[in-house]
2 protein chains.
Amino acid sequence: MKKATVERILDAAEVEFGAHGFVETSLRTITGKAGVNLAAVNYHFGSKKGLIQAVTDRFFEPLTVGLQAHLQELAKAEISHHDALVQIYRGLLLEALRIAQGNPARLVLFARLVNSAYNQSQGHLRKHLTHQYAPVFMLFIQAMREHMPSMDHEQFFWRFHQLMGMMVFTLSNSEALTAICAAEYAQQRGLPEIVQQLIATLVAAAEAPVVAIEKLA
Amino acid sequence: MKKATVERILDAAEVEFGAHGFVETSLRTITGKAGVNLAAVNYHFGSKKGLIQAVTDRFFEPLTVGLQAHLQELAKAEISHHDALVQIYRGLLLEALRIAQGNPARLVLFARLVNSAYNQSQGHLRKHLTHQYAPVFMLFIQAMREHMPSMDHEQFFWRFHQLMGMMVFTLSNSEALTAICAAEYAQQRGLPEIVQQLIATLVAAAEAPVVAIEKLA
DNA sequence: GTTAGTTTGAAACGAATGTTTTAAACGTTC
DNA sequence: GAACGTTTAAAACATTCGTTTCAAACTAAC
């Protein structure tokens with residue numbers, strides 16, 4: 001049986017958005033790949049923005065649910081700052097990995113979505129994300145803050161951006177990501193291993209000592 | 001005296017590209033801000049791609065010249081791996097900072113340009129950059145490789161991407177970047193201080209020990 | 001079986017974009 | 001100062017995009 005139109009649009013949109021971004025993907029290519037009529041997008045989702053947000057929710061809703069549970073359980077555990085940081089990022093990326101279902105393109109989509117939470121382009125998506133998932137975001141940030149003491153507010157602000165940047169950018173590199181997964185020369189290297197290495201670097205960067213500000217030049 | 005048309009287009013394009021990206025900036029807004037005719041872009045630069053590459057070259061040419069000199073001098077020095085890494089990123093970011101001339105928007109532009117060297121969208125710019133500045137890129141990568149021993153090829157590949165990602169993403173955050181520079185609450189924090197902290201995190205991430213690959217789930 | 005509501009199909013609309021064209025203005029050279 | 005190549009000006013062109021329209025097809029309830 002043929003999948004429902006809505007679902008086929010979402011599937012196609014997800015792939016195209018992940019591969020070429022939001023602005024550079026036209027509704028016509030989406031409906032073309034989905035094998036549905038062009039008008040179906042505006043009928044079912046109201047607008048292109050609506051479609052983008054629908055794609056977002058289909059990924060973020062299960063992600064945030066899983067992450068929230070993970071973080072709440074983590075809050076009860078008594079572990080070192082280091083282990084906590086590992087678990088925080090492990091929780092986030094493991095959830096993303098689970099939802100991506102081993103598909104590199106879906107991880108790229110995840111990275112793009114998080115990126116939109118920071119970027120002022122696609123402002124509607126930023127608003128949608130922050131409004132919809134603010135509690136989990138807050139939980140995530142506070143968990144990091146808690147286990148990154150010895151930083152004042154501003155230092156943490158920038159360190160946090162740096163960490164998110166590393167994560168988002170690494171996972172956005174669709175070319176390298178898909179290449180490494182399809183490569184014969186790296187049989188045992190897949191998405192999980194890449195994520196594993198990413199976590200290690202993230203935590204090391206998080207724990208980097210704060211430098212004394214001195215003149216650069 | 002009025003600046004030449006070419007220069008005024010480049011100035012305006014630089015600002016707009018840095019603020020809104022390449023695809024989301026139209027030639028009409030550029031020529032509008034520059035106070036020149038629309039056709040002038042295609043006349044002087046051939047196409048929009050040509051303009052993008054011209055903007056790129058005006059930033060990258062002096063940058064790469066300075067960086068190459070810095071790296072060559074660094075190769076002669078006998079210092080620790082740690083200090084070398086600091087100097088490598090210090091050299092890159094200091095050059096970018098010098099060319100940006102204290103303007104946050106120009107740093108954002110720099111980040112976007114580097115991003116285009118990785119992203120397959122704007123493929124023409126990627127080709128242009130890699131063709132034009134390949135020697136300096138190679139010099140930079142090899143310098144990093146040299147001072148990040150204990151990593152095999154694949155590990156270094158991903159670590160390098162992670163580092164570039166952190167740098168690019170942090171400097172791409174134009175909103176935060178300009179806000180922090182204009183803020184009253186942080187009188188002594190400017191671009192140089194942000195870059196200083198970035199370098200510290202970059203080096204810490206570069207030196208993060210390679211993890212043993214184990215099963216994640 | 002008829003009817004009311006929902007979904008799909010094909011075409012067109014209006015706006016925005018990069019590019020091209022044509023002519024006028026400018027500047028330099030002989 | 002006349003002639004010629006260069007630069008600018010204004011308009012139009014061709015294409016693409018998101019969106020809308022309206023009729024046809026389908027679905028489900030009575």
Side-chain angles (χ1 to χ4, degrees), chain A residues 1-58 112 116 119-128, chain B residues 1-58 112 116 119-128:
Chain A
M1 174 198 162
K2 196 163 100 173
K3 266 191 179 178
T5 303
V6 171
E7 205 167 343
R8 303 179 59 196
I9 293 175
L10 284 174
D11 289 342
E14 192 177 273
V15 173
E16 293 303 311
F17 284 155
H20 307 108
F22 300 117
V23 290
E24 297 183 79
T25 300
S26 73
L27 295 184
R28 282 172 175 81
T29 69
I30 291 175
T31 54
K33 300 254 181 185
V36 303
N37 192 268
L38 170 62
V41 170
N42 282 294
Y43 175 74
H44 287 287
F45 302 99
S47 66
K48 187 179 183 181
K49 290 182 182 178
L51 173 60
I52 292 175
Q53 293 179 8
V55 170
T56 301
D57 285 332
R58 199 167 67 145
R112 282 194 199 274
S116 296
N119 203 319
Q120 62 181 358
S121 92
Q122 294 296 321
H124 71 99
L125 185 51
R126 181 201 178 116
K127 283 180 189 168
H128 178 72
Chain B
M1 174 200 163
K2 194 162 102 171
K3 265 190 178 178
T5 303
V6 171
E7 205 167 341
R8 302 181 59 197
I9 292 175
L10 284 174
D11 289 341
E14 192 177 274
V15 173
E16 294 302 312
F17 284 155
H20 307 108
F22 300 119
V23 290
E24 297 183 78
T25 300
S26 73
L27 295 183
R28 281 172 176 80
T29 69
I30 291 175
T31 53
K33 300 255 181 182
V36 304
N37 190 269
L38 171 62
V41 170
N42 282 295
Y43 174 75
H44 287 288
F45 301 99
S47 65
K48 188 180 183 181
K49 290 181 182 180
L51 172 60
I52 292 175
Q53 293 180 7
V55 170
T56 300
D57 286 332
R58 198 168 68 147
R112 283 193 199 275
S116 295
N119 203 320
Q120 63 181 356
S121 92
Q122 294 296 322
H124 71 98
L125 186 50
R126 181 201 178 117
K127 284 180 189 168
H128 177 72

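Computed from a predicted structure; not experimentally measured.
- Residues satisfying the side-chain contact (heavy atoms from CB on, under 4.5 Å) criterion with B/Ala19, sequence neighbours excluded, are absent altogether.
- How far CD1 of A/Ile52 is from NE2 of A/His128: 11.0 Å, rounded to the nearest 0.5 Å.
- If you take CD1 on A/Ile30 and CG on A/Leu38, they are separated by 10.0 Å, rounding to the nearest 0.5 Å.
- Here the closest heavy-atom approach between residue A/Arg112 and residue A/Gly18 is recorded as NE-O, 3.1 Å.
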Please produce a list of atom pairs where a protein N or O lies less than 3.5 Å from an N or O of nucleotides 23-26 of chain C.
none

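- In this structure, A/His44 places its NE2 atom 12 Å from C1' of C/dG9, rounding to the nearest Å.
- Summarising the geometry, atom CD belonging to A/Gln53 is positioned 7.0 Å from atom OG1 belonging to A/Thr56; distances are rounded to the nearest 0.5 Å.
- Applying the salt bridge (charged side-chain N to carboxylate O under 4.0 Å, His left out) test to residues at least two apart or on different chains, none of the pairs has a partner in residues 35-57 of chain B.
- Screening residues 14-33 of chain B for ring-ring contact (aromatic ring centres under 6.0 Å, His included), with sequence neighbours left out, gives B/Phe17-B/Phe22.
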Which letters describe nucleotides 11-28 of chain D, given B = protein heavy atom under 4.0 Å from base, S = only from sugar-phosphate, - = neither?
-> -B----BBBBB-------
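- Per the geometry, CZ belonging to A/Phe45 stands 11 Å off P belonging to C/dT8, to the nearest Å.
- Pairs engaging residues 33-42 of chain B under the side chain to side chain donor-acceptor pair (under 3.5 Å) rule: none recorded [sequence neighbours left out].
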